[in-house]
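To start, the structure itself, in structure tokens.
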Amino acid sequence: MTGHYQDPLDSAFGDEPEDHAPLMPAREPPYLSGLNKEQREAVEATEGPVLVLAGAGTGKTRVLTTRLAHILSTRKAWPGQILAVTFTNKAARELKERIGALIGGVVEGMQWLGTFHSIGARMLRRHAELAGRKSNFTIIDTDDQLRLMKQLLQAENIDDKRWPARTLASMIDGWKNRGLKPEDVPDGEAHAFAFGKGRSLYAAYQERLRALNACDFGDLLLDVLTILREHPDVLADYRDRFRYILVDEYQDTNTVQYLWLKLLAGGGGSGVRSNVCVVGDDDQSIYGWRGAEIENILRFERDFPGAKVIRLERNYRSTPAILGAASGLIAANKGRLGKTLWTEGEPGEKIAVKGVWDAEEEARNVASEAENLHRQNHLYAQMAILVRASFQMREFEDRFISLGLPYKVIGGPRFYERAEIRDAMAYFRLVAQGDDDLAFERIINKPKRGIGDASVQVLHQFARSMRMPLLAAARDIVVTDELPPKAKKALGELVGNFMRWAEVSRQIPHTELAEMILDESGYTDMLKADKSAEAPGRLDNLKELVRSMEQFESLAAFLEHVALVMEIEQNETEDRINLMTLHAAKGLEFDTVFLPGWEEGLFPSQRTMDENGVAGLEEERRLAYVGLTRAKKRAFISFAANRRIHGSWQSALPSRFINELPPEHVAAAIDEGFYGGNAGFRDNMDGFASTYDSPGWKRAQANKSSGYTRARPPLIEAQAWSVQTSDPAASQFGRGDRVFHQKFGYGLVRAVEGNKLTVDFDKAGEKKVIDQFVTRG
DNA sequence: TCGCCCTATATAAGG
DNA sequence: TATAGGGCGA
């Protein structure tokens, strides 16, 4: 049986002619065998611009690696003549490893295979002087970025309560993502921050970075773009060098990356017909909030006239049922390039959709389902729970811990983002580069050595007047009487330490140096004295940090790696269930996928819809599509009628995405007891499918999304799903009423606010509930 | 300068 | 509900 899903938007492009020259079978290289027709075409179409639309699970990575291997083994280019860009280090690593496996041995010399940022850093170090920097510039992290901006706001006397540094940081990031230098920022946008100070703050920030010989992640791309634009000789050199260009996840490129690429690839009427191949899937574009422009991929054929478009549509991952559900869902989006994914085999299990009372029950269900599968010899490692927001993880973790079910969280705070690691890194950075003021500020009083804000201010003043970096200024200030004796002594010791560390750094291995710094600075002692629960873990992390330094030749090499990679590799052999956000799941696959929290407001996220309207909703829908297509064999979707968000209870309707799943691929269930004591409704509702097919349900959905007349749904839905939409004035309860709630029991109404009641429950304490969930008691 | 308490706030997270 | 950061008293 074949699942074949017609996509109504599929006619956006015509079929490609089959015009490639057939290879002689006898001489066919082994790596080509096993590729399907389209994959093979994508591998062999090496010349001219190519867009490979790779649907979920269609063998994209295989095509990418084979294509590169093909170019190398047919000697079309040397490794150093290929530019291959990815978004994540993981993807870059995987490419490198798999090419090696294909052509035998390790690939040497692919120095231009990497992330946008690592390639940007490489280029910028080569031409640093053209961007007004020295080639040993520091790459600052988001912490440093924020600290710097706070200083700028303070210097400008801007109230950082009203205009938080975070907001400025994200505005500047946004501008950099769009390739805008301070002078390019449109007036209107510059005025959006602190009464028109946005642009000058951006300029001041850049000025400070330059003075610090530092740059942020955005600069790694924007400065390179500027250099390529303003120095035709440099551009010509790179154009000449890169015989083949390959970009992975093209739908995630932002404007700077796009402009950068277009310059290098010579698109847009430059007359150069370059061999640029971009690979991506418009249906999996989920990073608009990070600056990604889905338009880039939609527009590729116009940017590179005569581009060949190859669609990979045969899915090797999921069952027809899963693929059918996902295809049906994504069909609701407009403005797609359109693909018709298909697969072979038995239809497989339907998507299980289940409504539950609250998040706790949802977690109980998922856990017991997982245990069931595990008893039937399914590996936990082949199961994943994909949530929209990380706060949803808590319920699952609680449940797994109490059951002793092994789990692991993917993503989340990364190793190099931990405070203790950043502190240690700041010490190392400062030893390597004495004028790294941001690092110095970070650790000047960590561990506490009696140098408070006041002393730091004095030091700042002094450094500024002497036009010196802070560390050098500290060395000078301790022979004056500018500082109080205590601070003066402490600072003197610190400066002495740094001078000594810098000295011995030339003589001893950097791992030894690292240990010396951590011990002599008092940092390890501080953690040893710390009796909090986290302290031992932090000490372990520091040990791990020193251990990971061993793989690097020098301190400088290590620092560059950390700045760009931010993660530490860990080998995983234990059988554990995976818990992560939907975003973190992109590119992964599992036999079984649990998709909890499909509720209006949570998924699709209300905030995204408020901020970005239909485009936001469509991105949420793509996220749902990504989630579903992670599943190979089975998917479980659930939604909870009630959820505690930031401590207060909220009720929600099932996600509209549930309604958009083709019914033939869905098996729905309502949990027993969902209607609690409300006997009489249960008979109508024994199958959820009948509910959401019912006219009442459709009407409720229509009212929900139409936005204006929010009619109160019929009582039956009101009871079943609750509403956030009922008339605020209509609460039938008043202060002092005695009420009963299904979950919390009896209580006394303390306050009424629209349809929200604050109830003091006898057992559960004070809670906010929606009036539809209580009855008179 | 340190530490405690109070209050404001709350997606997603790559490099 | 949890946490982070600011304000204020010792």
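All chains are named by letter (A, B, ...) in the order of the sequence lines, taking the proteins before the strands, and each is independently numbered beginning at 1. Side chains included, hydrogens not; waters and symmetry mates left out as well; all remaining heavy atoms used.
Computed from coordinates, the A/Lys448 NZ to B/dC4 C1' distance equals 13 Å when rounded to whole Å. Rounded to a whole Å, the CD atom of A/Gln257 is 10 Å from the C1' atom of B/dG15. When rounded to the nearest whole Å, the span between CG of A/Leu459 and P of B/dT1 equals 12 Å. In this entry the distance linking CG of A/Leu386 with P of B/dT11 reads 19 Å, nearest Å. Going from atom CZ of A/Phe87 over to atom P of B/dA12 covers 20 Å, rounded to whole Å. Atom CD1 in A/Ile286 sits about 9 Å away from atom P in B/dA13, given to the nearest Å. The distance between atom CG of A/Leu222 and atom C1' of B/dG15, rounded to the nearest whole Å, is 15 Å. Rounding to whole angstrom units, CD1 of residue A/Ile410 and P of B/dA13 are separated by 12 Å.
A/Ala454 comes within 4.0 angstrom of the backbone, heavy atoms only, and of no base. Here A/Thr608 lies in heavy-atom contact (under 4.0 Å) with a base. The residue A/Thr581 sits close only to the backbone: its heavy atoms come under 4.0 Å of sugar-phosphate atoms, none of a base. Residue contacts for A/Asp252: at a heavy-atom cut-off of 4.0 Å it reaches no nucleic acid atom on any strand shown. Within 4.0 Å of A/Lys486, counting heavy atoms only, lies no atom of the nucleic acid at all. Among the atoms of the strands shown, only primed sugar atoms or phosphate atoms (P, OP1, OP2) are found under 4.0 Å from some heavy atom of A/Asn445. Within 4.0 Å (heavy atoms only), A/Arg388 reaches at least one base atom of the nucleic acid.
Across B/dG14, B/dA12, B/dT1, the shortest atom-to-atom separation from the side chain of A/Thr88 is found for B/dG14. Counting only heavy atoms from C-beta on, A/Arg607 has its side chain closest to B/dT11 among B/dT11, B/dG15, B/dT1. The listed nucleotides are B/dA12, B/dG15, B/dT11; the one nearest the side chain of A/Trp289 is B/dA12.
Of the side-chain N and O atoms in A/Asn89, none sit less than 4.0 angstrom from OP1 or OP2 of B/dG14. Dashed line: the shortest gap from a side-chain N or O of A/Arg394 to OP1 or OP2 of C/dA2 is under 4.0 Å. Remark: A/Arg166 is not in phosphate contact with B/dT9, judged by side-chain N or O atoms under 4.0 Å from OP1 or OP2. Here A/Arg290 does not reach the OP1 or OP2 of B/dG15: none of its side-chain N or O atoms lies under 4.0 Å away. Phosphate contact (OP1/OP2 of B/dA12, side-chain N/O of A/Ser390, threshold under 4.0 Å): present.
Toward the 5′ end of DNA chain B lies the nearest nucleotide of A/Pro484, the other residue of the pair A/Pro484 and A/His646 mapping further downstream. Nearest-nucleotide positions on DNA chain B for A/Val456 and A/Phe217 put A/Val456 closer to the 5' end.
Nearest heavy atoms, A/Ala326 versus A/Leu628: CA-CD1, 3.9 Å.
Relative orientation of the A/Tyr416 and A/His561 rings is perpendicular, given thresholds of 30° and 60° on the angle between their planes.
With respect to A/Asp248 and A/Lys60, a salt bridge is recorded, a charged nitrogen being found less than 4.0 Å from a carboxylate O. A/Glu493 has a carboxylate O that lies under 4.0 Å from a charged side-chain N of A/Lys489, or vice versa, which qualifies the two as a salt bridge. Between A/Glu397 and A/Arg394, no side-chain nitrogen of the basic residue sits less than 4.0 Å from a carboxylate oxygen of the acidic one, so the salt-bridge criterion is not met.
B/dA13 has no base stacking with the ring of A/His583 when judged by centroids under 5.5 angstrom apart and an interplanar angle below 30°.
B/dG3 is paired with C/dC8 under the Watson-Crick or G-U wobble criterion, all donor-acceptor distances under 3.5 Å. Nucleotide B/dT11: unpaired (no Watson-Crick or G-U wobble partner with both distances less than 3.5 Å).
Note: A/Tyr287 and A/Trp289 meet the aromatic proximity criterion, with ring centroids under 6.0 Å apart.
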*Before giving the answer on side chain to side chain donor-acceptor pair (under 3.5 Å), spell out for A/Gln154 and A/Glu156 the whole-Å C-alpha distance, their side-chain angles and the decisive distance to 0.1 Å.*
CA-CA 5 Å; A/Gln154 214 157 36; A/Glu156 290 285 321; over 6 Å; no
